[in-house]
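Okay, structure first, notes after.
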Number of protein chains: 2
Amino acid sequence: MTAPLSPGLPTKQRILDAAERLFAERGFDGVSLRDITAAAGVELALANYHFGPKKELYVAVIRRRASEINDARRQRFSELPVMPSVENLIDAFARPYLEKSVHGGPGWKDYARLIAQTANSARWTQVVMSALFDPVAELFIVGMRKALPGLTSRDLYWGFHFLLGGMTMTFAETGRIDLLSEGVCRASELEVIYARLIPFMAAGYRALAGKVDQNT
Amino acid sequence: MTAPLSPGLPTKQRILDAAERLFAERGFDGVSLRDITAAAGVELALANYHFGPKKELYVAVIRRRASEINDARRQRFSELPVMPSVENLIDAFARPYLEKSVHGGPGWKDYARLIAQTANSARWTQVVMSALFDPVAELFIVGMRKALPGLTSRDLYWGFHFLLGGMTMTFAETGRIDLLSEGVCRASELEVIYARLIPFMAAGYRALAGKVDQNT
DNA sequence: GTCTATAGCTTGATAGAC
DNA sequence: GTCTATCAAGCTATAGAC
């Protein structure tokens, strides 16, 4: 056993911290409430007392940081120029994630891993992903519609989906690219990634305006 | 209970089919061997007899179709022109996945969901993702290095990672984009997606050559 | 809010008959 | 290769004392 997480902090927070780390490592069903409460250094029964069923603990873990990310993104969107560039919009959406991951402490890395698994499972689509993230995603779409008036709605949403997939897998830091590139790329070099993510996704978005088959 | 999958087929295949569907729905730990063997219409003990521990069954499920995808991709790469375009390369990598998903039968959709979860969890990175997919990924990188000689190795690998993230989440068909777009986009319209995926990712790749911060 | 104790089930894996 | 039966351990959730 490792030492309990966050000693001295309130019980609710210690449970959330431990659950975040373990859910990120092993997924919802790969972790028991016993694992979580043991890692938090509290009694088993306290998980149920504070959060109800296990599923609600999972949602509570994600909701805690999702609120913070959403607030940061709303702030960025509100500070954009009247006619934002494609790069401006992608940056406003992506930078809060990068900032937290680099400077927010270890919990944010666990959170990013957790989001990657949650976003790629149909099981949590409605109750977690759409419920927590669609309102701010819609701000992104609205902005992009102004920045690239030639795009159809389909272009706008699919472009966002491609952006989301790339971001999600990247911030998950699974180690895949480290192995594939034999050390040339490291998932932890988030600034190096960011210098590529923005131009890559911006160019991709712009290309949708000129794609050959316009009527699909 | 639903009817057993693949009645009349050999036991090993029936177990693989059932495991594929259930692992895709609920993940490795969300499914028991009892769930799988019941869905397959065989006895519990036969899962262990044919595949050993549960983890090896999981790997066997993925390996079965990974071989087929890898063969199809190798074939496409071997048929490319001497100087392939960026679009040629992305198409050679992505089209086998699309073809199987559209025309390969329901098992291929389950497989794509399963890959999305597997690719986004550090737990399976080495033993599944790198072991099964890195050799063919390297063919893609080699081709792209010729097509875009101005790119650094970092550019090439990160571009691939962005492509992979977008493809993975898209073919997972979680339903997220359907909800977000309120029906404008449907994850099942794979040809519509493909008409956007290729130009988006190709333009992204080309943009890496001209990005501002060259030395990161 | 926190603790102990436990009910009621499910789990992966295997032993041994056929 | 398939079946029955079972082991030992794990699980979520809750009741009830403090």
Q: Tell me, yes or no, whether the heavy-atom count around B/Arg186 atom CZ, taken from other residues, nucleotides or ligands under 6.0 Å, exceeds 12.
A: no
Q | Test: A/Arg76 cationic atom under 6.0 Å from A/Phe93 six-membered ring centre, within 45° of axis | A | no
Kindly list each side-chain donor-acceptor pair under 3.5 angstrom involving residues 99-111 of chain A, sequence neighbours excluded, with atom names and distances?
residue  : atom : partner  : partner atom : Å
A/Lys100 : NZ   : A/Glu68  : OE2          : 3.2
A/Lys109 : NZ   : A/Glu173 : OE2          : 3.0

Q: Can you sort out the partners of B/Asn70 under side chain to side chain donor-acceptor pair (under 3.5 Å), two or more places apart, ordered by chain and number?
A: none
**Q.** Residues which pass side chain to side chain donor-acceptor pair (under 3.5 Å) with A/Ser121, listed by chain and number, not counting sequence neighbours
**A.** none
Q. Under a 4.0 Å heavy-atom cut-off, which of residues 43-58 of chain A touch DNA chain D?
A. A/Leu44, A/Ala45, A/Asn48, A/Pro53, A/Lys54
Q) Do we get A/Arg73 above A/Tyr97's six-membered ring, with its NZ or CZ under 6.0 Å from the centre and within 45° of the axis? A) yes
Q. Which nucleotide span of DNA chain C, 5' end to 3' end, has atoms closer than 4.0 Å to non-hydrogen atoms of chain A?
A. C/dG1 to C/dT4
Q | Set of residues satisfying ring pair (Phe, Tyr, Trp, His ring centres under 6.0 Å) with respect to B/Phe28, sequence neighbours excluded | A | B/Phe23, B/Tyr58, B/Trp124
